A.B. asks: 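Next up is a structure, given as structure tokens.
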Amino acid sequence: MLQRHPRRFPRNHATVEPLATIRHLQWVEVYSVMPLDSFVDPYLLRLGFALDEHRRPSVARLRALHRAHVERVPWETLEIHLGRPTTVAPHESIARILQGRGGYCFHLNGAFATLLTALGYDVSLHRGGVHSDPGSQPPGATGGHLVLTVDCEGQTWVVDVGFGDALYEPIPLRAGSFPQGPFTYRLRPSQVEPGGWRFDHDERGAFAGMDFTLAPAVLTDFAECHTVMSTSPDSQFVRTASAMRRRANGVDQLRGCVLSSTDGNGRTHRELSTADEWFRVLAGTFGITLHEMDAEERIALWEKVRAAHAVWRATRAEPSRSPASPGRRQRRSS
């Protein structure tokens, strides 16, 4: 049986103030000169495991590590809204995770691939492309999403802790349907990526699906897409501060000022109308405390988020519906 530690989220150092930015860069600089396998112990602690666990590769251990990662490390875009540029470098992503934060696919899957490799797993990186709207043509493996496969115990597994609201644990690389909690996913040969695969999300998911190629990739292959997604005014990551975290029976999502939860009973959503409520949800539901920010900095961030939310409401044909309302998919890359 797994020996789990109490749920806790280490202090992080992300803020928009220059001093804190210097402090963060010093953390990254220190981590960048350390061997990547030196992160194994603190990373396992971050995921809630005792240090003597999960040292030998196995499918059971892979599943447990995957579940712990999506439960404890949030999918989030807050660094963009804190004015803190990031890269796809694994030491930087791991440093941020160890400080109690998360990221999106390039960060989360890049860091997780590094951990799994250090633990002895046979990990491969692949280019994927998210299909946001079921009414449009799938884009193919554009590089807008980083996908992992792991060969273990004679079988290849699709591993993805960077989706936010999708996989709770790995699925085998074979055609079929895969129920996980209240959601059902499907894997089938891709119709737009020759020799590739198509992941179909549950109909209540934030996107329609994702096509990916099995051709090997490296993290630098995703640098250009990451730059566009984190800096372009047209990027939804830039337009809206978001966070997601998967749990066994569903998923929680914060998009701007709207909190939504999806489980076997359906979907609920509510608008967060005050800064105190917003920061309380960010910390309590997603584990993102931002407690190093002073009152003035928190107000500035809240006002930025609230202003973007007001723009979204003004441009909605049906302003009373949240971005997570049933029947509506959110457009995102990964």
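Note that the structure is predicted; figures quoted are calculated from it, not measured. Atom set for the values below is all heavy atoms of this structure, side chains included, hydrogens, waters and symmetry mates excluded.
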A.B. asks: Name all residues meeting the salt bridge (Lys or Arg N to Asp or Glu O under 4.0 Å) criterion together with Arg198; count only those two or more places apart in sequence or in a different chain, and write none if there are none.
C.D. replies: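 In terms of salt bridge (Lys or Arg N to Asp or Glu O under 4.0 Å), with neighbours along the sequence ignored, Arg198 is linked to Asp200, Asp211.
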
A.B. asks: For the side chain of Asp202 and the backbone of Tyr185, is there at least one donor-acceptor N/O pair under 3.5 Å apart?
C.D. replies: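 Side chain of Asp202 to backbone of Tyr185: no pair is present.
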
A.B. asks: Return the minimal non-hydrogen interatomic distance between Cys105 and Gly144, and the atom names on each side.
C.D. replies: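 Smallest heavy-atom distance, with atoms named: SG-O, 4.1 Å.
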
A.B. asks: Enter the distance from His201:NE2 to Ser132:OG here, rounded to the nearest 0.5 Å.
C.D. replies: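 Here the interatomic distance stands at 11.0 Å.
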
A.B. asks: For the residue pair Val218 and Leu125, establish whether any side-chain heavy-atom pair is separated by less than 4.5 Å.
C.D. replies: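 SC-SC contact between Val218 and Leu125 ruled out.
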
A.B. asks: May I have the step-by-step check of side-chain contact (heavy atoms from CB on, under 4.5 Å) for Leu78 and Ile288, ending in yes or no?
C.D. replies: CA-CA 9 Å; Leu78 286 178; Ile288 305 171; 3.8 Å; yes

A.B. asks: Answer yes or no: is there a side-chain heavy-atom contact under 4.5 Å between Asp165 and Arg245?
C.D. replies: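 Not touching, per the 4.5 Å side-chain cut-off.
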
A.B. asks: Verify whether one side chain among Glu79 and Thr86 offers a donor that lies under 3.5 Å from an acceptor in the other.
C.D. replies: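 No - no donor-acceptor pair under 3.5 Å links their side chains.
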
A.B. asks: With the 4.5 Å side-chain cut-off for hydrophobic clustering, are Val228 and Val88 part of the same group?
C.D. replies: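 Val228 and Val88: separate clusters.
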
A.B. asks: Find out whether His126 and Ser124 are in side-chain contact, i.e. whether some heavy atom of one side chain is under 4.5 Å from a heavy atom of the other.
C.D. replies: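 They are in contact (side-chain heavy atoms under 4.5 Å apart), so the answer is yes.
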
A.B. asks: Which value, rounded to the nearest 0.5 Å, describes the distance between Leu116 atom CG and Arg61 atom CZ?
C.D. replies: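 One finds 13.0 Å between CG of Leu116 and CZ of Arg61.
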
A.B. asks: I'd like to know if the side chain of Arg101 and the backbone of Leu290 have a donor-acceptor N/O pair within less than 3.5 Å.
C.D. replies: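 No, because the side chain of Arg101 does not come within donor-acceptor range (under 3.5 Å) of the backbone of Leu290.
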
A.B. asks: Testing the basics here: between Leu219 and Pro90, what is the closest heavy-atom pair and its distance to 0.1 Å?
C.D. replies: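 Where Leu219 meets Pro90 most closely, the heavy atoms are CD1-CD, 3.7 Å.
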
A.B. asks: Just by modelled atom types, is the Thr240 backbone N or O under 3.5 Å from a matching donor or acceptor in the His81 side chain?
C.D. replies: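 Yes.
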
A.B. asks: Considering residues at least two apart in sequence or located in another chain, which fulfil the ring-ring contact (aromatic ring centres under 6.0 Å, His included) criterion with His107?
C.D. replies: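 ring-ring contact (aromatic ring centres under 6.0 Å, His included) check on His107 returns Tyr104, His226.
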
A.B. asks: Any side-chain heavy atom of His131 sitting closer than 4.5 Å to one from Ser136?
C.D. replies: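 In short, these two side chains touch, coming nearer than 4.5 Å.
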
A.B. asks: Quick one: does Cys225's side chain get under 4.5 Å of Phe106's, heavy atoms only?
C.D. replies: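 Yes, their side chains come closer than 4.5 Å.
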
A.B. asks: Does Phe183 have any ring-ring contact (aromatic ring centres under 6.0 Å, His included) partners at least two apart in sequence or in another chain, and if so, which?
C.D. replies: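 By the ring-ring contact (aromatic ring centres under 6.0 Å, His included) rule, Phe183 matches no residue at all.
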
A.B. asks: With a 4.5 Å limit on heavy-atom distance, are the side chains of Val258 and Leu272 in contact?
C.D. replies: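 Not touching, per the 4.5 Å side-chain cut-off.
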
A.B. asks: How far does CD1 of Ile94 sit from CD of Gln99, to the nearest 0.5 angstrom?
C.D. replies: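 Nearest 0.5 Å value for the CD1-CD distance: 12.0 Å.
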
A.B. asks: For a quick test of your reading: what N or O donor-acceptor pairs under 3.5 Å do the side chains of residues 152-163 make, sequence neighbours left out?
C.D. replies:
unit_1: Glu153; atom_1: OE2; unit_2: Val59; atom_2: N; d: 3.2
unit_1: Thr156; atom_1: OG1; unit_2: Asp151; atom_2: OD1; d: 2.5
unit_1: Asp160; atom_1: OD1; unit_2: Asn109; atom_2: ND2; d: 3.0
unit_1: Asp160; atom_1: OD1; unit_2: Gly162; atom_2: N; d: 3.0
unit_1: Asp160; atom_1: OD1; unit_2: Phe163; atom_2: N; d: 3.4
unit_1: Asp160; atom_1: OD2; unit_2: His145; atom_2: NE2; d: 2.7

A.B. asks: Between atom CD of Glu277 and atom CG of Leu259, what is the distance when rounded to the nearest 0.5 Å?
C.D. replies: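 That separation rounds to 8.5 Å.
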
A.B. asks: Check salt bridge (Lys or Arg N to Asp or Glu O under 4.0 Å) between Glu271 and all other residues, then give those that pass, not counting sequence neighbours.
C.D. replies: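 Listed in chain order: Arg306, Arg313.
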
A.B. asks: Applying side-chain contact (heavy atoms from CB on, under 4.5 Å), run through Phe212 and Leu214 and close with a yes or a no.
C.D. replies: CA-CA 7 Å; Phe212 63 100; Leu214 291 181; 3.9 Å; yes

A.B. asks: For Ala215, check side-chain contact (heavy atoms from CB on, under 4.5 Å) against everything at least two apart and list the hits.
C.D. replies: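 By the side-chain contact (heavy atoms from CB on, under 4.5 Å) rule, Ala215 matches Arg127, Thr213.
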
A.B. asks: Check ring-ring contact (aromatic ring centres under 6.0 Å, His included) between His309 and all other residues, then give those that pass, not counting sequence neighbours.
C.D. replies: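 With neighbours one apart ignored, the set is Trp312.
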
A.B. asks: So Ser93 and His91, side-chain contact (heavy atoms from CB on, under 4.5 Å) or not? Walk me through it.
C.D. replies: CA-CA 6 Å; Ser93 300; His91 70 268; over 6 Å; no

A.B. asks: Partners of Arg247 by side-chain contact (heavy atoms from CB on, under 4.5 Å), sequence neighbours excluded?
C.D. replies: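 Counting only residues at least two positions away or on another chain, Arg247 forms a side-chain contact (heavy atoms from CB on, under 4.5 Å) with Asn249, Asp252, Ser261, Asp263.
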
A.B. asks: Hey, are the side chains of Cys257 and Trp302 touching, using non-hydrogen atoms and a 4.5 Å cut-off?
C.D. replies: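 Heavy-atom side-chain distance check passes, below 4.5 Å.
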
A.B. asks: State the CZ-OG distance between Arg239 and Ser232, to the nearest 0.5 angstrom.
C.D. replies: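 The distance works out to 8.5 Å.
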
A.B. asks: Report the residues that fulfil side-chain contact (heavy atoms from CB on, under 4.5 Å) with Thr231, sequence neighbours left out, ordered by chain and then residue number.
C.D. replies: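 With neighbours one apart ignored, the set is Thr227.
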
A.B. asks: Hey, does the side chain of Ser235 reach the backbone of Met229 with a donor-acceptor pair shorter than 3.5 angstrom?
C.D. replies: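 A pair under 3.5 Å: yes.
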
A.B. asks: Shortest non-hydrogen contact from Gly143 to Phe222?
C.D. replies: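 So the two residues come closest at O-CD2, 3.3 Å.
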
A.B. asks: Name all pairs fulfilling the salt bridge (Lys or Arg N to Asp or Glu O under 4.0 Å) condition that reach into residues 108-123, sequence neighbours left out, sorted by first residue then second.
C.D. replies: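 Qualifying pairs: none.
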
A.B. asks: Carefully, step by step, assess Gln253 and Arg246 under the rule side-chain contact (heavy atoms from CB on, under 4.5 Å).
C.D. replies: CA-CA 9 Å; Gln253 177 175 8; Arg246 188 71 159 84; over 6 Å; no

A.B. asks: Donor-acceptor check, side chain of Arg255 to backbone of Ala243, threshold 3.5 angstrom: yes or no?
C.D. replies: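 A pair under 3.5 Å: no.
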
A.B. asks: May I ask you to check whether Thr262 and Arg267 show a side-chain donor-acceptor distance below 3.5 Å?
C.D. replies: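 A donor-acceptor contact under 3.5 Å links the two side chains.
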
A.B. asks: Flag the pair Phe49 / Leu65 as yes when at least one side-chain heavy-atom distance between them is below 4.5 Å, and no otherwise.
C.D. replies: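 They are in contact (side-chain heavy atoms under 4.5 Å apart), so the answer is yes.
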
A.B. asks: Using the ring-ring contact (aromatic ring centres under 6.0 Å, His included) criterion, which residues pair with Tyr43? Sequence neighbours excluded.
C.D. replies: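 If we apply the ring-ring contact (aromatic ring centres under 6.0 Å, His included) test to Tyr43, skipping adjacent residues, the hits are His69.
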
A.B. asks: Minimum heavy-atom separation for Arg46 and Pro74, please, with both atom names.
C.D. replies: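 Shortest heavy-atom separation between Arg46 and Pro74 comes out as NH2-CD, 4.2 Å.
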
A.B. asks: Over all heavy atoms of both residues, which pair between Glu76 and Gly102 is shortest? Give the atoms and the distance, please.
C.D. replies: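 So the minimum-distance heavy-atom pair works out to OE2-N, 2.8 Å.
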
A.B. asks: Just list the side-chain donor-acceptor pairs under 3.5 Å for residues 166-180, sequence neighbours left out, or say none.
C.D. replies:
unit_1: Tyr168; atom_1: OH; unit_2: Glu71; atom_2: OE2; d: 2.3
unit_1: Glu169; atom_1: OE1; unit_2: Arg67; atom_2: NH1; d: 2.9
unit_1: Gln180; atom_1: OE1; unit_2: Tyr168; atom_2: N; d: 2.7
unit_1: Gln180; atom_1: OE1; unit_2: Glu169; atom_2: N; d: 3.4
unit_1: Gln180; atom_1: NE2; unit_2: Glu169; atom_2: O; d: 3.0

A.B. asks: Determine whether a donor-acceptor pair (N or O, by modelled atom type, separation under 3.5 Å) exists between the side chain of Glu297 and the backbone of Asp294.
C.D. replies: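 Flag set: sc Glu297 to bb Asp294 pair under 3.5 Å.
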
A.B. asks: Give the minimum heavy-atom separation between Gly164 and Val251, together with the two atoms involved.
C.D. replies: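 In terms of heavy atoms, the two residues are closest at O-CG2, 3.7 Å.
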
